[in-house]
S.K.: 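Supplied in structure tokens, the structure appears directly below.
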Number of protein chains: 2
Amino acid sequence: MRNEVDPAAAIAPQIYRLLRQAIVTLEYLPGQRLSEQEIGARFGVSRQPVREAFIKLSEAGLVRILPQRGTFVVRISLKDVANARFVREAVEVAVATAACAVAPPEALDRLGDLIALQKEAAASDDQRLFLRYDEAFHRTLAEAVECASAWPFIEDVKAQMDRVRYLSLPAASPMSLLIDQHAEIVKAIAARDAERAGDAMRLHLREILNSLPRLARAHPELFEDDEMPAHAREAASATFGRDVAPA
Amino acid sequence: MRNEVDPAAAIAPQIYRLLRQAIVTLEYLPGQRLSEQEIGARFGVSRQPVREAFIKLSEAGLVRILPQRGTFVVRISLKDVANARFVREAVEVAVATAACAVAPPEALDRLGDLIALQKEAAASDDQRLFLRYDEAFHRTLAEAVECASAWPFIEDVKAQMDRVRYLSLPAASPMSLLIDQHAEIVKAIAARDAERAGDAMRLHLREILNSLPRLARAHPELFEDDEMPAHAREAASATFGRDVAPA
DNA sequence: ATAACCATACTACCATACCAGTTAAGCGAG
DNA sequence: CTCGCTTAACTGGTATGGTAGTATGGTTAT
């Protein structure tokens with residue numbers, strides 16, 4: 001978060017990116033108050049672009065704006081994470097399925113390149129870099145089916161999941177597993193097997209359900225006191241069989 | 001658009017709703033310039049909340065903000081409409097599928113009530129009211145699977161489609177057809193038949209593909225000069241067999 | 001000791017002022 | 001008449017000021 005803003009470019013989006021990154025990486029913890037005044041002073045900008053960043057953050061569900069009271073980083077809500085995951089699974093499974101019909105071979109090459117880069121990042125144990133390539137992989141796949149204009153929506157939804165992702169970084173699902181899942185997705189698309197590609201993507205995106213209950217128990221102070229909706233328990237038990245009920 | 005704003009409530013969201021409505025109903029046509037100054041004067045508010053409304057409209061893809069030049073209503077883009085439809089189909093088919101597993105009977109009752117209201121609106125030929133109940137139907141279904149927090153997401157995506165919807169109002173898909181499709185969705189969910197529910201929703205949401213090429217030819221001045229992405233042509237031909245190619 | 005009150009110091013929101021960049025019209029030179 | 005420059009009138013982006021509402025801490029009355 002020490003990055004300076006570029007006064008030549010539009011400031012508000014830069015502040016948004018910086019704050020989002022800080023929240024998602026848990027540099028700003030749930031409950032923390034964000035002051036327009038203070039953030040503006042820290043980056044040497046006025047309150048107005050900071051305010052616009054706050055509004056976007058609140059739409060992404062990362063902060064809660066209470067008029068005349070303050071703006072606060074929200075706790076991680078199992079319900080919100082599960083719903084975000086639900087939406088993301090729906091969209092990206094559809095993307096993977098569609099890719100089998102319409103993705104050009106060059107796109108598959110690019111996806112292969114990104115997997116190779118992820119392997120490098122995993123080899124040097126650079127988790128941040130790994131996550132960057134992970135995001136690039138999913139975005140590239142969306143572009144492959146000419147859904148680039150749909151990516152910003154996925155990106156918004158992803159915010160809820162990303163924070164959990166960073167929370168699980170120390171002992172996450174091993175990077176090698178995620179790489180294998182990416183590879184399986186690409187292989188299925190290359191084989192033009194729509195059902196297999198969809199299933200592979202579904203399995204990949206349900207991975208987070210495996211660690212979520214454990215993380216919620218390990219860090220209760222970071223989590224909202226709510227439960228996952230029924231559709232998430234369904235999805236988890238269908239994939240992993242257990243370890244999803246609160247108990 | 002003649003509605004006044006309520007100065008007691010937050011102004012920016014009100015302006016957003018009013019402008020969105022005006023654009024979607026084609027009261028503001030593509031290419032029209034929107035001036036912060038002028039809109040603010042018309043509603044008796046300052047430029048600031050208007051500006052925030054513009055930002056949201058641009059994120060929904062309804063206007064394009066060109067810094068230091070102006071803000072303009074964008075033409076309808078076949079690509080954007082098709083992508084929005086793709087995303088919406090993915091999410092709502094997943095919702096319909098999940099509803100079979102988790103929707104409580106009371107939710108099905110509410111959906112039945114909304115279908116009855118739609119029939120009334122159709123009987124009195126009130127198209128605006130019909131569209132309102134249509135939206136309520138889809139939102140209620142999302143709530144039935146505890147995906148209420150996912151609805152704002154669908155609502156954003158829907159903006160692109162709604163404008164086409166209003167454009168097609170005079171001679172749209174007959175309301176009775178859409179009501180039958182809603183009824184079929186509810187029946188499938190009541191029967192807990194996930195595959196049938198998903199297919200019914202898919203068919204329902206692909207209806208727009210049936211009229212889109214015709215509308216684009218009939219109103220070329222309203223449309224961006226682009227083509228639907230491959231996935232949309234796939235979806236259309238899979239459902240309707242033809243009349244989707246530009247020719 | 002406790003409870004009610006009030007002054008103070010915040011907050012977000014809206015309004016206003018200022019700035020830099022774009023556009024286009026008007027004027028002057030060729 | 002045509003081309004090129006200047007300039008004035010816009011634009012959106014940012015900074016700053018004003019306002020109403022909320023939390024808080026200290027003081028006073030009970």
Side-chain angles (χ1 to χ4, degrees), chain A residues 1 3-20 22-23 28-75 152, chain B residues 1 3-20 22-23 28-75 152:
Chain A
M1 259 274 294
N3 301 0
E4 283 299 321
V5 300
D6 172 12
I11 294 176
Q14 298 182 66
I15 302 286
Y16 169 71
R17 295 307 299 182
L18 289 167
L19 291 179
R20 180 192 149 129
I23 294 171
Y28 285 163
L29 292 174
Q32 174 151 1
R33 166 184 233 129
L34 298 183
S35 157
E36 290 181 359
Q37 188 102 25
E38 180 199 327
I39 304 285
R42 158 144 34 167
F43 294 109
V45 300
S46 75
R47 288 161 19 226
Q48 199 54 48
V50 177
R51 168 176 160 75
E52 284 165 17
F54 281 11
I55 292 173
K56 265 220 83 176
L57 288 170
S58 79
E59 284 165 2
L62 292 178
V63 307
R64 178 108 176 264
I65 298 176
L66 300 169
Q68 275 66 32
R69 285 198 265 181
T71 298
F72 305 87
V73 178
V74 301
R75 288 148 77 111
Chain B
M1 260 272 295
N3 302 359
E4 282 301 320
V5 300
D6 172 11
I11 295 176
Q14 299 182 68
I15 302 287
Y16 169 72
R17 295 306 301 180
L18 288 167
L19 291 179
R20 179 191 150 129
I23 293 171
Y28 285 162
L29 292 174
Q32 175 152 0
R33 166 185 233 133
L34 297 183
S35 158
E36 290 182 358
Q37 188 99 28
E38 180 198 324
I39 303 286
R42 160 148 30 173
F43 292 110
V45 301
S46 77
R47 280 177 44 208
Q48 201 54 48
V50 177
R51 168 178 161 74
E52 284 163 20
F54 280 14
I55 292 173
K56 266 218 82 178
L57 289 171
S58 78
E59 284 166 3
L62 291 178
V63 308
R64 178 107 176 265
I65 299 175
L66 299 170
Q68 274 68 41
R69 286 199 262 182
T71 298
F72 305 87
V73 178
V74 301
R75 287 146 78 109

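Throughout, protein chains are lettered first and strands after them, A, B, ... in sequence-line order, and every chain is numbered starting at 1.
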S.K.: Between B:Leu34 and A:Pro67, who's closer to the 5' end of DNA chain D by nearest nucleotide?
M.R.: B:Leu34
S.K.: Without placing hydrogens or testing angles, list every side-chain donor-acceptor pair under 3.5 Å for residues 60-75 of chain A, not counting sequence neighbours.
M.R.:
residue	atom	partner	partner atom	Å
A:Arg75	NE	A:Phe223	O	3.2
A:Arg75	NH2	A:Phe223	O	3.1

S.K.: Taking atom P of D:dT22 as reference, at what distance in whole Å does atom CZ of A:Arg33 sit?
M.R.: 14 Å
S.K.: Please figure out whether A:Gln68 or A:Ala9 has its closest DNA chain D nucleotide nearer the 5' end.
M.R.: A:Ala9
S.K.: If you look only at distance, which donor and acceptor atoms sit under 3.5 Å apart when one is on a side chain in residues 7-17 of chain A and the other is two or more places apart or in another chain?
M.R.:
residue	atom	partner	partner atom	Å
A:Gln14	OE1	A:Asp6	N	2.8
A:Gln14	NE2	A:Asp6	O	2.9
A:Gln14	NE2	A:Ala10	O	2.9

S.K.: Among residues 47-64 of chain A, which residues get a heavy atom nearer than 4.0 Å to DNA chain C?
M.R.: A:Arg47, A:Gln48, A:Arg51
S.K.: Does D:dT11 have OP1 or OP2 under 4.0 Å away from a side-chain N or O of B:Thr71?
M.R.: no
S.K.: Roughly how far, to the nearest 0.5 Å, is CD of A:Glu36 from CZ of A:Arg47?
M.R.: 6.0 Å
S.K.: Take the protein atom CD of A:Gln37 and the nucleotide atom P of D:dT16, then report the distance between them rounded to whole Å.
M.R.: 10 Å
S.K.: Earliest and latest nucleotide of DNA chain C, 5' to 3', sitting under 4.0 Å from a non-hydrogen atom of chain A?
M.R.: C:dT11 to C:dA15
S.K.: Output side-chain donor-acceptor pairs under 3.5 Å for residues 49-59 of chain A, partner residues at least two apart or in another chain, one line each.
M.R.:
residue	atom	partner	partner atom	Å
A:Arg51	NE	B:Glu52	OE2	3.0
A:Arg51	NH2	B:Glu52	OE1	3.0
A:Arg51	NH2	B:Glu52	OE2	3.3
A:Glu52	OE1	B:Arg51	NH2	3.0
A:Glu52	OE2	B:Arg51	NE	2.9
A:Glu52	OE2	B:Arg51	NH2	3.3
A:Ser58	OG	A:Ile55	O	2.8

S.K.: Using atom CD1 of B:Ile39 as one end and atom P of D:dG12 as the other, report the distance to the nearest whole Å.
M.R.: 10 Å
S.K.: Quick one: bend of the helix from C:dA1-D:dT30 to C:dG30-D:dC1 from 5 pairs per end, to 10°?
M.R.: 20°
S.K.: At less than 4.0 Å, is any side-chain N or O atom of B:Ser35 found next to OP1 or OP2 of D:dC10? Yes or no.
M.R.: no
S.K.: Considering residues, nucleotides and ligands other than B:Gln32, do more than 12 of their heavy atoms fall under 6.0 Å from its CD?
M.R.: yes
